[in-house]
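Report on the following structure.
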Number of protein chains: 4
Amino acid sequence: MYFHIDPKKNVPLYEQIIQQVKEMVAKGILQPGEKLPSVRELSSRIVINPNTVSKAYQELERQEVIVTIRGRGTFINEDVIQAKDPKKTEAIRQTLKQTVIDSHYAGIDKKTIMEWVEEFDRELRGDRE
Amino acid sequence: MYFHIDPKKNVPLYEQIIQQVKEMVAKGILQPGEKLPSVRELSSRIVINPNTVSKAYQELERQEVIVTIRGRGTFINEDVIQAKDPKKTEAIRQTLKQTVIDSHYAGIDKKTIMEWVEEFDRELRGDRE
Amino acid sequence: MYFHIDPKKNVPLYEQIIQQVKEMVAKGILQPGEKLPSVRELSSRIVINPNTVSKAYQELERQEVIVTIRGRGTFINEDVIQAKDPKKTEAIRQTLKQTVIDSHYAGIDKKTIMEWVEEFDRELRGDRE
Amino acid sequence: MYFHIDPKKNVPLYEQIIQQVKEMVAKGILQPGEKLPSVRELSSRIVINPNTVSKAYQELERQEVIVTIRGRGTFINEDVIQAKDPKKTEAIRQTLKQTVIDSHYAGIDKKTIMEWVEEFDRELRGDRE
DNA sequence: GTGGTCTAGACCACA
DNA sequence: GTGGTCTAGACCACC
């Protein structure tokens with residue numbers, strides 16, 4: 001369970017933590033019920049301010065990816081929610097549209113995009129379902 | 001040639017302009033050599049600070065999507081560059097990966113993603129190639 | 001006499017115990033003079049730290065809901081106090097106000113709130129008075 | 001548009017801000033589209049750290065009570081959402097239940113509770129609908 | 001030990 | 001000017 005945080009990216013640090021936890025959960029690297037490192041531990045491990053880790057954990061809890069139990073720690077939620085939120089869906093659609101346009105300018109063809117989607121999807125679902 | 005700018009989105013205004021110009025060029029709505037509205041005209045039309053439009057145009061010129069000819073105006077570049085920049089490619093790959101993960105949490109399956117990619121790609125290339 | 005403790009709730013564990021004891025007393029499920037399980041017994045039954053149970057009992061005793069007789073155990077107080085504490089009254093008023101506001105945002109109308117109050121009140125008083 | 005923040009309450013400062021904004025919006029004191037004081041202004045006005053105000057505003061935006069426009073400020077949302085979230089509804093029900101129980105111990109009868117609900121509800125809806 | 005809140009002060013992107 | 005992010009360091013409630 002490794003975190004790769006890059007302060008040089010323009011993605012906020014707390015957002016990078018969120019993304020990586022969600023990725024690890026989706027891939028099954030983090031199992032439901034499993035304990036996450038404490039705020040203090042993770043913050044010292046990736047050399048970052050505890051508040052930043054805390055912010056990431058709170059957002060993850062809001063998204064129901066993790067649950068925090070007072071005085072005990074934070075844990076991966078037992079049942080991962082897959083709520084169909086129309087707004088969220090539209091946001092993803094727009095991001096994807098922009099990605100396709102950007103790919104066009106970067107000389108990446110549709111076939112490559114399709115292969116990448118296959119690859120990422122396989123990483124998430126292929127090995128367990 | 002219509003712009004849909006939404007200040008409520010968390011995408012910066014200048015970025016929204018950039019995206020829409022690039023989309024219109026990629027779709028062929030804006031043809032090479034075609035003249036863009038002046039900074040002042042566009043800024044008054046979409047009710048936005050001229051500096052913001054100016055920033056968007058500067059960035060578009062840096063990306064070689066448009067060219068500015070002093071005293072004449074700004075125009076769509078004659079040949080759209082499709083440079084294969086490894087950094088840009090990797091950035092797109094990462095964005096796509098995150099989109100696939102987000103889709104997983106939003107309950108959007110691979111099939112839907114694939115269809116969307118098809119749809120967006122068709123909009124860009126289908127009608128002219 | 002069952003306890004339903006949920007560590008995932010953001011209500012502290014000791015507070016959940018307090019609330020449930022008070023509810024059972026108010027409903028008549030726990031009768032005046034009745035013996036409560038010992039700290040050790042209850043803590044092992046609901047799988048919780050004994051200190052947490054102890055804290056709940058101490059607070060219940062402070063509120064004169066229960067009394068502890070050294071060497072004999074803890075018991076429901078013979079006469080439930082209904083002291084009119086202006087501070088407490090104001091606190092309840094404020095909580096209720098916030099609940100009405102939250103209901104407004106949650107799309108719950110006044111009628112529903114009234115029905116719920118009726119329902120909860122009936123559970124407390126209806127069956128015995 | 002006055003804020004009454006009391007650091008002595010055990011309700012977090014940022015939560016007090018959230019509650020008061022929601023109350024003012026529900027009462028019509030703050031109209032849709034109206035601008036809220038900037039983070040810096042409000043923080044200096046109620047003598048509180050800007051980060052605390054910022055946290056309150058971000059949570060209010062998440063709840064779609066306000067919208068923030070980059071570089072311009074924060075505004076009351078044009079259409080107040082009244083989403084029926086079962087979890088939220090259940091949480092309100094539980095809070096109300098606890099309030100009724102607490103009222104029982106405080107010697108407050110059902111009639112008083114009903115009157116208070118009437119009073120608070122009138123403040124929210126009575127004057128405009 | 002755990003996470004939650006708050007302060008003070010800094011820097012940055014955006015308009 | 002606006003809000004967003006991050007750091008450093010403190011205090012508190014809970015378990």
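Every chain is numbered from 1, with letters handed out A, B, ... down the list of sequences. Because only heavy atoms are used, hydrogens play no part in the values below, and waters and symmetry mates are left out as well, while side chains stay in.
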Checklist entry - With sequence neighbours excluded, what pairs up with B:E90 under the side-chain hydrogen bond (donor to acceptor under 3.5 Å, both in side chains) test? => result B:Q94

Item to check | Atom pair OG/OH of B:S38 and B:Y57 - distance to nearest 0.5 Å | outcome: 7.0 Å

Checklist entry - Could you give the distance from CD1 (A:I101) to OG (A:S103), rounded to the nearest 0.5 Å? => result 9.5 Å

Checklist outcome for this item: 5'-most to 3'-most nt of DNA chain E touching chain A (<4.0 Å, heavy-atom partner on protein side) reads E:dG1 to E:dC6

Checklist entry - How would you list, by chain and number, every residue that makes a side-chain hydrogen bond (donor to acceptor under 3.5 Å, both in side chains) with A:S54, sequence neighbours excluded? => result A:Q58

Checklist outcome for this item: Intra- and inter-strand pairing of DNA chain F, written as dot-bracket with Watson-Crick and G-U pairs under 3.5 Å and | for the latter, reads ||||||||||||||.

Checklist entry - side chain to side chain contact (heavy atoms under 4.5 Å, CB included) with C:K87: which residues, sequence neighbours excluded? => result C:D85

Next on the checklist: Near DNA chain E, counting only heavy atoms under 4.0 Å, which residues of residues 9-17 of chain B show up?
Outcome noted: B:P12, B:L13, B:Y14

Item to check | Residues in side chain to side chain contact (heavy atoms under 4.5 Å, CB included) contact with B:N51, at least two apart in sequence or another chain | outcome: B:N49

Checklist entry - Can you list, by residue number, the residues of residues 46-59 of chain B that have a non-hydrogen atom closer than 4.0 angstrom to DNA chain E? => result B:T52, B:K55

Checklist entry - Roughly how many Å is it from CG in C:D6 to P in F:dC14, rounded to a whole number? => result 17 Å

Next on the checklist: D:T68: which residues meet the side-chain hydrogen bond (donor to acceptor under 3.5 Å, both in side chains) condition with it, sequence neighbours left out?
Outcome noted: D:E61

Checklist entry - Measuring from D:L13:CG to D:I48:CD1, what's the distance to the nearest 0.5 Å? => result 4.0 Å

Next on the checklist: Can you tell me how far apart CG (A:L60) and CD1 (A:I17) are? Round to the nearest 0.5 Å.
Outcome noted: 8.5 Å

Next on the checklist: Listing request: all side chain to side chain donor-acceptor pair (under 3.5 Å) pairs with a residue in residues 6-24 of chain A, at least two apart in sequence or in separate chains.
Outcome noted: A:K22-A:Q63, A:E23-A:K27, A:E23-B:K97

Checklist entry - Residues two or more places apart in sequence or in another chain: which of them pass side-chain hydrogen bond (donor to acceptor under 3.5 Å, both in side chains) with B:R62? => result B:E59

Item to check | All pairs passing salt bridge (Lys or Arg N to Asp or Glu O under 4.0 Å) where residues 40-55 of chain B contributes a residue, at least two apart | outcome: B:E41-B:R45

